[in-house]
K.L.:
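Below you'll find the structure I mean.
This is a predicted model, so every value here is computed, not measured.
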Amino acid sequence: MNIPFLDKWRKRHSVTDPARGLAAAFEEDPAGVAELLSECELLRSQAAAAGLELDDSPASLTALDQLLPRWRDDPELLPWLGNDAGLYLGTVVVRTVPGAAWYVWPGGGPVVRLRSGRDIPVVEAGLDWAVQGAPELSQIYAEASET
């Protein structure tokens, strides 16, 4: 994937504050960053192995919630899958909820900011979902789409 801002960003921010670097990347090329965050390769491959195609729709979140959590048997996989689940949740929200957009907290973590100004820490939610199964991704989406 060719994301033009990435090479410039790496050169400018590799030694300086990485959190500021991520925020700058969002400012320079929000569509490129959104594309990068939407990859979720591990989650997509796990879902595909279970016969589920992730199409960035709210219905796919419900389908993910219904999968047997076989990944919980691999503690090394959990944080990576949870991170991907959170980024996928964020991708669905940003693509389908009017006014929702990616935002970077001062510490460098990507969140989804709703039109109301409320931030959804999607990566944290994805980690909770991967480890505990709750809250369900579809539930978080439903709450985000109501506001």
K.L.:
Within the structure provided, determine whether Leu89 and Val92 are in side-chain contact (heavy-atom separation under 4.5 Å).
P.N.:
no
K.L.:
Can you sort out the partners of Thr96 under side-chain hydrogen bond (donor to acceptor under 3.5 Å, both in side chains), two or more places apart, ordered by chain and number?
P.N.:
Tyr141
K.L.:
Shortest non-hydrogen contact from Glu143 to Arg118?
P.N.:
O-NH1, 4.0 Å
K.L.:
Assess whether side chain to side chain contact (heavy atoms under 4.5 Å, CB included) is satisfied between Trp102 and Val33, documenting all intermediate values.
P.N.:
CA-CA 9 Å; Trp102 287 105; Val33 174; 5.9 Å; no
K.L.:
Identify, with sequence neighbours excluded, every residue that meets side-chain contact (heavy atoms from CB on, under 4.5 Å) alongside Ala100.
P.N.:
Val93, Val97, Val112, Leu114
K.L.:
Listed by chain and number, what are the side-chain hydrogen bond (donor to acceptor under 3.5 Å, both in side chains) partners of Arg95, not counting sequence neighbours?
P.N.:
Ser38, Asp56
K.L.:
Distance from Leu64 atom CG to Glu136 atom CD, nearest 0.5 Å?
P.N.:
11.0 Å
K.L.:
Give every donor-acceptor pair under 3.5 Å between a side-chain atom in residues 125-132 and any protein atom, sequence neighbours left out.
P.N.:
| unit_1 | atom_1 | unit_2 | atom_2 | d |
| --- | --- | --- | --- | --- |
| Trp129 | NE1 | Asp65 | OD1 | 3.0 |

K.L.:
Indicate the atoms forming the closest heavy-atom contact of Ala63 with Leu52, along with that distance.
P.N.:
CB-CD1, 3.5 Å
K.L.:
Looking at Arg72, I want to see if its CZ is surrounded by more than 12 non-hydrogen atoms of other residues, nucleotides or ligands under 6.0 Å.
P.N.:
yes
K.L.:
Can you see which heavy atom on Leu54 is nearest to which on Arg44, and at what distance?
P.N.:
O-NH1, 3.0 Å
K.L.:
Distance from Asp84 atom CG to Leu37 atom CG, nearest 0.5 Å?
P.N.:
10.5 Å
K.L.:
Looking at every non-hydrogen atom in both residues, tell me the closest pair between Val111 and Pro121 and how far apart they are.
P.N.:
CG1-CA, 3.9 Å
K.L.:
Would you give me the side-chain donor-acceptor pairs under 3.5 Å for residues 73-82, sequence neighbours excluded?
P.N.:
| unit_1 | atom_1 | unit_2 | atom_2 | d |
| --- | --- | --- | --- | --- |
| Asp74 | OD1 | Glu76 | N | 3.1 |
| Asp74 | OD1 | Leu77 | N | 3.4 |

K.L.:
Do the non-hydrogen side-chain atoms of Trp71 and Leu43 ever get within less than 4.5 Å of each other?
P.N.:
no
K.L.:
Using the rule side chain to side chain contact (heavy atoms under 4.5 Å, CB included), only one of Leu42, Val123, Val122 pairs with Asn83; which is it?
P.N.:
Val123
K.L.:
Using side chain to side chain contact (heavy atoms under 4.5 Å, CB included), reason through Val94 and Thr91 one step at a time and then give a plain yes or no.
P.N.:
CA-CA 5 Å; Val94 167; Thr91 296; over 6 Å; no
K.L.:
side-chain hydrogen bond (donor to acceptor under 3.5 Å, both in side chains) with Ser57: which residues, sequence neighbours excluded?
P.N.:
Asp55
